[in-house]
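Working notes, structure below.
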Amino acid sequence: MKIIFLLVPIALLLGGSFLAAFLIFSARGEYEDLETPAHRILLEDDE
Amino acid sequence: MLAPVARPEPARSRNTGCIHCGLPVAFGRNSSFCCAGCEAVYGLLEANQLGHYYELKKRYADPEKCLPSLENTESYSYLDDPEVRMSYADSSGKEMNFYLEGVHCVACVWITERIPTLLSGVKSVHLDLSKSRASVEITEGGSFADVALEFERLGYRPHPEERKQGELRDKREKKFELFRIAVAAAGAGNIMLLSIATYSGAGPEFSSSFRWINAFLFLPVLTFSAAPFFYSAYSSLRRRVISIDVPIAFGIGVGSIASFVSLISGGAQTYFDSLASLIFLLLASRYFLRTVQNRAVEATHLFKFLTPSRANRRLEDGTVEECKTETLRPGEIVVVRPGEVIPVDGEIIAGSSDVSRSWLTGESRSEEVRPGHAVSAGSLNETRLITVRVERVGAQTRLGDILKQTQVAARGRSKSLYIADQMARYFVPFTFFFIAVGVLIGLQYGVEDAVLRGLAVAIVACPCAFALAIPLAMSRTIGKLAQHGTLVRGPEVIERLSLVDTVFFDKTGTLTYGDLRVLEWTSVRKGLERVLLGLEINSIHPVARAIRKKFSSPDFIPAEISELREVLGRGVEGEFEGKRYTLTSMKGSGSDTEVELREDGKTVGMLVLGDEVRPGAKATVGELKRLGFRVGLLSGDRSSAVYSLSDRLGISRENVRGECTPEDKVSFLKKYPRALMVGDGVNDAIALASTWASIAVNGGLEASMQAAGVYTTSRTPLEVIRTVRAARETMKVVRRNLAFTILYNVVVIGVALSGDLSPLFAAVAMPVSATVVFLISLIGTGPLRRALSEVRE
């Protein structure tokens, strides 16, 4: 069961990296507007 | 079986609706459009190759939410005023945000963002549907007023959003809030994972190191995520008030200290798991509430909306110069052109015109003024140039006085009634009492036992209903109402709305459309509409506007009238195909205006113009009465007009008052301590601000938030019923949560006092209780769900 002491830090590292990813993307404003992009995708043809 | 009785279907199918907005086209109107405005927009878009809009609209738009083109309902020229621009635009003066009514689908996104191709001087428009907010960027020399008018023309009523000082800091704080939630969520999740392992019997070789890992994970949650609770508790204690954050900060603080002490001394009494999940849930519920709250603007800013900041001063030598309104002094002379707002209180010394004072009196008809007549700041000069001697300026004017009173009234009301903060005041002594009881019981077994029992009570007692469930229930209701176009300032407004027993309506603009419309047209032969249009082709008189709105269409080319001239105070006359036509106003019955068309002295046509009652007004009154509300009508309009409307809607005359000044309305409403006033955000501002609760149906969004607390963009008064019912049902959910929280606290404090509180019990009881109140708030009750869902009849 000694393996736990390797697995727990790995799990925490994984969790920490997801948290970091979330913080980075929310700082970039990725979560500011959750509605319009879903509509905007309907406008493929022009632009 | 009997065949069902056939009922006439309302003419509302999509293919018969207006091409631009989908509204039904009035019977007899030989056109594919509901009004001239929509038709003009259609032509404009087609000419600019923007017809794709209608394809998108057909596929994605919800016809219920589309609005027709709006024709000059408001003047936005103040947005280009350099001083006003400063408080709306960003620091560069090039970017401004607008709240747009009615935006809801991809067609709205597409067309608003193409405004730069329609208007020169606009760099870009970006629409955020989730906030109904358009960010507009203009180039040097561009005009925000033009953009606002373009939004209006497309059918999206714009409300410029004021930039508050410190908004940037708020934005950063908001982002930080999300960071805090994320850290708390990650911490709580991982701590719970390791704790579950311990609770389910991981051996001592693991449990001790797991506790240390948990403590390490808990540190950022405590120091970063929970910081706002400590800060806010500290600042409220310094002001000698007990807010809801005081017991929360106390519980978290005591729990953390006890856990760390236990950890270092090798004990097992650590509560990192329960504390972290509690912090996460509290932060999340607060975040929801904050995102749906709406801002209010100070009433003193209102003066800027309602009066121009620049005026035209006439000097001694007769030349006219532009100057700032504040620099005007009593005795000076100003010139007011047609279509301009009068900047001061004063007396007319030359010129005669029609002046609309609807903001002050609610009177729907404009008033004829001549030299010697007094005019008030904020009135709109409608027809001809007048010269005014200044008597009062700025805050001394009648408008300034009304706004001051509004501010005082609104401030008196804003003293919080918010139930969560009130309960906190009881909760703190309640907790301390039981901590004392715990200590006293424990003392029989020694000092250590006394400390442990006291701590147990402090940790496990949870004000979750006030801190978590109430904000959640409130934010859900406020958010749903916003989807229906009703914006609520904050949770205290919902509480007030829930206690209302009487509903007073304003007449002009609230139960009616508030402008002059053609109600009836009878003529001896066809084709006379062309003569009407020809006669009124250039006039900006309200009657002319109503006639143009009604009859403009490709079928009626305005007749070319020769010798066209206006007869002061009477009407217009001119010649067409050798015949002499006159259009004359008659005294109408009640609030209606009758206009007669004569051909060589013989009456050939008759128009009845009046203020049209909004659809749903009668149903609203009926439904409110059925629900047990007292319903009344208050108006500044003439009593005869007010009574004729109240009789038609079924409002009993004892609750009806006509010819009210704004002050009369206030003193009348004082007799009803639980009254809801529904009125215009501008001309009823004091009445709205001084009643128990109020809903504004018109006027600027942020200004209405200050005076009323609720602003609805809905076109039907039926929305009032939804709002009031939703508020009542929300408070039922809140009370249910309170009952549950009391029950929870009785049970867990009982356990804590008995001295048997284990970390496992806390780790189960606290999240479970939080989840229960969370679910109660989220699911709500059947009547609440029905009130919040679509109920349009």
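- Only the side chain of B:Ala186 has a heavy atom closer than 4.5 Å to any heavy atom of chain A.
- Both the backbone and the side chain of A:Ala27 come within contact range of chain B, each with at least one heavy atom under 4.5 Å from a heavy atom of that chain.
- Interface residue B:Asp128: backbone and side-chain heavy atoms are both found under 4.5 Å from chain A.
- The contact between B:His104 and chain A is made entirely by backbone atoms, counting heavy-atom distances below 4.5 Å.
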Q: Evaluate side chain to side chain contact (heavy atoms under 4.5 Å, CB included) for B:Ile213 paired with A:Leu12, printing each intermediate quantity in order.
A: CA-CA 10 Å; B:Ile213 298 173; A:Leu12 290 179; 3.7 Å; yes
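- The 12-atom threshold is not exceeded at CZ of B:Phe216, counting heavy atoms of other residues, nucleotides or ligands nearer than 6.0 Å.
- In this structure the side chain of A:Leu23 never reaches within 4.5 angstrom of the side chain of B:Leu178, judged on heavy atoms.
- Contacts between B:Leu217 and chain A at a heavy-atom distance below 4.5 Å involve the side chain alone, from C-beta outward.
- Side-chain atoms of A:Phe22 and B:Ile181, non-hydrogen and from C-beta on, never get closer than 4.5 Å to each other.
- One finds the CD1 atom of A:Ile4 at 5.5 Å from the CZ atom of B:Phe210 (value rounded to the nearest 0.5 Å).
- Distance check: A:Arg40 CZ to B:Trp110 CH2 gives 13.5 Å after rounding to the nearest 0.5 Å.
- Residue contact with chain B, scored on non-hydrogen atoms closer than 4.5 Å, involves the side chain of A:Phe5 exclusively.
- How far CG of A:Leu34 is from CG of B:Leu129: 12.0 Å, rounded to the nearest 0.5 Å.
- Distance check, rounded to the nearest 0.5 Å: OG1 of A:Thr36 to NE2 of B:His126 gives 6.0 Å.
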